[in-house]
Amino acid sequence: MINKTAMISIIGRANVGKSTLTNKLTGDKVAIVSPKPQTTRNRIYGVFSYRETQMILLDTPGFHKPKTRLGDYMVKIVKDSVADVDAVVLMIEPVDNIGIQEAALIDHINQSGVPYVLVINKIDKIRQDFALPIIERYSQRFGFDAIVPVSAKKGDGLSALLETLDKYAKPGPQLFPDGMTTDQPEKQVIAEIIREKLLICLDKEIPHGTAVEITSFSERGEDDNVIIDVDATIYCEKSSHKGMIIGKNGAMLKKIGQYAREDIERFMGAKVFLQTWVKVKENWRDSNTIMKNFGYF
Ligand code: GDP
Ligand code: MG
């Protein structure tokens, strides 16, 4: 029986593995993951139960210096997400010098008075004894409640992490219904899956200037034979980018669509027909109106 909830923010710089951990613990692909920084743009809830607790993880965009309006927005999300939570997880990679950004984040958390846990991720990449000096360095300088080394990708250390996080649970009713793994509407998850494939398939700066809008979403058929039709428009910032997204004879767009469709089918548990279009919208990342249209406010 669920009789407690624990609301936990995961913060840290881009690419440390926050979304990977969120997905691993919820058992669903609620947040997209890519080797490129700044993949996650919104704050996303990942929901699952552990013993008598409903755990609500807040996956956040990585902390970084704002360059565009979209960047400002992401920094604001991080600051907001240390308010009103039961604990904060600061995630780092296993490097043994304390980053300026991490130190600034910890100062900010300290002011808010909320307990914080250090999670050292990607320990599969280092020798086990290499984690010790990192743990020592961080615990000497800051007042972490706990320090937990994990590999979000391989699943190592996660039971210790869950046990730690459960300590912050507060008595209260179940906030999300059984089986619900995220607060994101299905359309949003689908748009994000397509954006993940853009990040994975395309070079450097192009995917960061893209946004995906689901323009039509409908279901037909019944029970085991449901088919979902999805129309998606990919916006990019330059016509040269449009050419690269479409590719020679449409090959790139076809590949992106195919990868996305497979993931969307898994997420929806149904057959999916996906149609994609590409449009140019210059400088959308600096326009509040356009950002609002894409659901970023
Ligand atoms: P985020 O920006 O903090 O949300 O990071 P992501 O979850 O998007 O992950 C960034 C990259 O790190 C991806 O390529 C992940 O596959 C990789 N990654 C995440 N966790 C681990 C881990 O435990 N071990 C290793 N080796 N790679 C990881
Ligand atoms: Mg992320």
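For ligands, and for the atoms within them, numbers begin at 1 and follow the listed sequence. Throughout, numbering of the chain's residues begins at 1 and tracks the sequence.
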- Query: Do any nitrogen or oxygen atoms of Gly17 come within less than 3.5 Å of a nitrogen or oxygen of ligand 1?
  - Reply: yes
- Item | Asp124 and Lys153 ion-paired at < 4.0 Å | no
- Backbone, side chain, both or neither: what part of Ile123 comes under 4.0 angstrom of ligand 1, heavy atoms only? neither
- Task: Identify, with sequence neighbours excluded, every residue that meets ring-ring contact (aromatic ring centres under 6.0 Å, His included) alongside Phe267.
- Result: none
- Sub-3.5 Å N/O-N/O distance, Val16 and ligand 1: yes
- Proximity of Lys125 to ligand 1 by residue part, where a heavy atom lies under 4.0 Å: side chain
- Could you say whether the N/O atoms of Val150 and ligand 1 ever approach to under 3.5 Å? no
- Note on the structure: Of Thr20, Leu21, Ile44, the residue with the heavy atom nearest atom 7 (O) of ligand 1 is Thr20
- Message: Would Lys255 pass as a cation-pi partner of Tyr259, given that its NZ or CZ must be under 6.0 Å from the six-membered ring centre and within 45 degrees of the axis?
- Response: no
- Query: Looking only at distance, does Asp59 have an N or O less than 3.5 Å from an N or O of ligand 1?
  - Reply: no
- Cut-off 3.5 Å, side chains only: do Asp59 and Ser19 have a donor facing an acceptor? yes
- Tell me whether Ser19 has at least one N, O or S atom under 2.8 Å from the Mg ion (ligand 2). yes
- For the side chain of Lys18 and the backbone of Arg13, is there at least one donor-acceptor N/O pair under 3.5 Å apart? yes
- Query: Below 4.0 angstrom, N of the basic side chain to O of the carboxylate: do Asp145 and Lys167 qualify?
  - Reply: no
- Task: Could you list the residues that satisfy side-chain hydrogen bond (donor to acceptor under 3.5 Å, both in side chains) with Asn23, not counting sequence neighbours?
- Result: none
- Give yes if a backbone or side-chain nitrogen or oxygen of Asn15 is under 3.5 Å from a nitrogen or oxygen of ligand 1, and no if not. yes
- Query: Judging by distance only, is a nitrogen or oxygen of Lys18 under 3.5 angstrom from one on ligand 1?
  - Reply: yes
